[in-house]
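The structure appears below as structure tokens.
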Amino acid sequence: MSNKMDSIVSLCKRRGFLFQSSEIYGGIQGFWDYGPLGVELKRNVREAWWRDMINAHDAYSTPEGAPSAFGMVGIEASIIMHPQVWKCSGHYDLFHDFMVDCKECKSRFRVDHIQVALASSTSGPARCETYIHNSDEAGYSGSKKKRLEKAAGEGGSVSEVSLDRYPAVLAEHGADVAGDLIPRCPVCTGELTAPREFNLMFKTIVGALGTEEDAAFLRPETAQGIFVNFKNVLDSARVKIPFGIGQIGKSFRNEITPRNFTFRSREFEQMEIEFFCHPETSQHWYKYWRDRRMKWYKELGLSEERLILREHDKAELSHYSTGTADVEYAFPFLPEGEYGELEGIAHRGDFDLRSHMEGKLDEKSDPLVLQLDADGNPKWKGSGKDLQYFDDQTRERFTPHVIEPSAGADRATLAFLCEAYTEDEAPDDQGNLQKRTLLKLNPRLAPVKAAIFPLIKKEGLPEVALGIYREMKSAGLNVVYSQQGAIGRRYRQQDEIGTPWCITIDVDSVTDGAVTIRDRDTLEQTRVPVSEVTSEIQRRLRG
RNA sequence: GCGGGAGUAGCUCAGUGGUAGAGCACCACGUUGCCAACGUGGAUGUCGCGGGUUCGAACCCCGUCUCCCGCUCCA
């Protein structure tokens with residue numbers, strides 16, 4: 001990890017931004033706690049998002065770049081939902097896999113990714129070979145093919161089945177998984193472990209006497225809480241399409257490799273919007289949200305050079321999506337030229353609402369159709385509730401299309417921290433340049449808005465300073481007071497936690513009623529009357 | 001999950017079997033009085049956790065947890 005990242009991690013611990021969860025017990029992988037300053041920073045990130053996306057949204061004007069005016073409301077859904085939600089959303093299938101490991105070469109495979117080629121001679125199943133489904137090599141070949149053909153012999157045949165269904169297929173032929181019929185590692189032909197369940201969703205049991213049948217999951221994303229409440233919001237909130245529903249909340253995923261500080265955590269917070277619109281204008285809305293969300297990060301301080309908007313190419317897109325873009329940031333823990341995802345903006349078509357109406361749709365189908373099981377029945381049954389929208393102006397009934405800007409609150413917080421971390425030089429009391437560490441956080445995000453210092457702790461200065469402190473506190477500003485140590489040291493301490501302004505009360509203040517506001521980034525000092533200092537800080541906070 | 005490295009004070013780290021250390025940070029007093037590290041004094045550790053070897057373990061051995069790097073995985 002880069003030196004810069006080490007310094008950031010160290011500062012976060014030292015000054016109380018971030019701690020490892022349960023640290024006194026040795027910690028727990030993939031979980032993090034926000035300290036006194038970190039919680040303020042993250043709250044400010046959340047509040048900036050909620051205010052900019054929801055509360056301050058003007059539903060009666062058309063923003064620049066948008067097709068029309070639109071509404072925005074929020075919800076807060078529960079973390080645990082009906083298990084069927086995850087089956088219809090596709091998460092159950094996607095996040096829930098059986099894996100086998102090779103005991104020799106330590107490779108790990110999804111059971112349904114291993115394809116078994118089974119050679120049957122006239123007397124029944126004789127030998128199997130494995131290969132990786134969808135690998136570049138087209139199926140089994142070379143020596144594997146020769147061995148199979150030999151085993152099948154005259155009049156025999158070779159059939160294929162995925163490893164998850166292989167034991168059942170053998171059983172149909174009255175054969176056991178033994179000898180040459182034991183599937184081996186497709187890479188090195190080593191011995192494979194029995195299939196083991198991998199669940200990327202956190203499983204829990206509902207009810208004090210609950211059993212496995214009462215299993216439920218902690219949500220792996222907040223989005224589904226919005227989709228399942230689509231009708232409720234429509235019926236209660238006097239909203240009309242186009243409109244968006246926003247939500248901030250925790251999600252949980254059993255990440256295989258939690259790493260890179262808080263970047264990949266097992267418990268994380270999302271800030272998501274599901275924006276519902278008419279299919280015909282959906283492309284325009286997609287572009288609008290993509291560009292608007294990108295702008296949001298820039299306005300809060302992420303630099304153009306370290307931020308990119310990456311459109312997914314065709315191969316990367318889900319079949320039902322006609323566009324997905326990631327907002328990515330060049331985190332210091334990544335190699336030069338690599339970026340980490342902050343937010344994904346996806347055009348999801350009508351996949352989600354239809355899946356919750358009709359049942360889980362097959363992502364690979366085009367046009368989307370219901371996913372069926374081996375017997376031809378719906379794989380996962382939907383709610384059966386009508387989630388269509390009726391436009392009473394046009395008398396049109398349709399399933400809205402969805403644009404989903406889905407952001408990580410912890411990732412955004414980390415990006416703002418990384419961007420803000422700066423080492424520069426500032427003069428000491430001799431006028432010599434000295435190293436200075438500061439967080440150049442946008443004032444909206446800064447945990448502490450201002451620090452109030454009496455230049456010396458006598459001659460009535462602390463009293464004046466405390467008066468200002470109390471006034472600013474009652475105005476709702478998070479400010480701190482300190483009379484400890486040399487003034488230069490106090491400035492440096494505040495620089496390090498990103499406090500944008502320091503207010504210093506000197507001996508003249510007692511007679512002229514004016515104080516000095518010192519700017520974190522420019523070191524500029526401005527003299528303002530005590531009576532105006534609170535409003536001046538509020539003015540500067542508004543930008 | 002595999003391989004490598006690491007874990008000692010709040011932070012950065014030294015300490016190869018014999019009383020637990022440094023710098024910075026922190027607290028008190030003094031000094032200075034608008035840009036850090038001035039003086040004096042002070043507090044701070046189950047040396048990640050558990051077990052073992054030993055008269056004696058931060059140090060050697062075993063296990064375990066966490067962090068970092070490289071694989072693997074990545075909706």
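Quantities reported herein were computed from a predicted structural model and do not represent experimental measurements. All chains are named by letter (A, B, ...) in the order of the sequence lines, taking the proteins before the strands, and each is independently numbered beginning at 1.
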With side-chain contact (heavy atoms from CB on, under 4.5 Å) as the criterion, how do I245(A) and N229(A) come out once you've worked through the C-alpha distance, each side chain's angles and the decisive distance to 0.1 Å?
CA-CA 10 Å; I245(A) 306 177; N229(A) 277 299; 6.0 Å; no

Of the nucleotides rC35(B), rG33(B), rC11(B), which one has an atom closest to the side chain of K458(A)?
rG33(B)

Within the structure, does a side-chain N or O atom of N260(A) lie under 4.0 Å from either OP1 or OP2 of rC67(B)?
no

Please determine whether a side-chain nitrogen or oxygen atom of Q29(A) lies at a distance below 4.0 Å from atom OP1 or OP2 of rC65(B).
no

With sequence neighbours excluded, residues passing side-chain contact (heavy atoms from CB on, under 4.5 Å) with Y339(A):
I308(A), E328(A), A330(A)

Under 4.0 Å between a side-chain N or O of Q493(A) and OP1 or OP2 of rC26(B)?
yes

Looking at Y491(A), I'd like to know if the NZ or CZ of R489(A) sits under 6.0 Å from its six-membered ring centre while staying within 45 degrees of the ring's axis.
no

Whole-Å gap separating C1' (rG33(B)) and CZ (R518(A))
16 Å

Sort me out a list of protein N/O and nucleotides 39-47 of chain B N/O pairs below 3.5 Å, or just none if empty.
none

Could a donor-acceptor pair under 3.5 angstrom be found where the side chain of R436(A) meets the base of rC35(B)?
no

Is T504(A) touching bases, backbone alone, or none of the nucleic acid, heavy atoms closer than 4.0 Å?
base

Taking the side chain of Q484(A) as heavy atoms from C-beta outward, which of rC74(B), rC27(B), rG70(B) is closest to it?
rC27(B)

Given the ring of F202(A), does R266(A) sit roughly above its face, with NZ or CZ under 6.0 Å from the centre of the six-membered ring and within 45° of the axis?
no

Is there a donor and acceptor pair, one atom on the side chain of R259(A) and one on the base of rC67(B), closer than 3.5 Å?
no

Select one nucleotide: of rC26(B), rC34(B), rG33(B), the one nearest the side-chain heavy atoms of R489(A).
rC26(B)

For the pair made of CD in E23(A) and C1' in rG7(B), what is the distance, rounded to whole Å?
11 Å

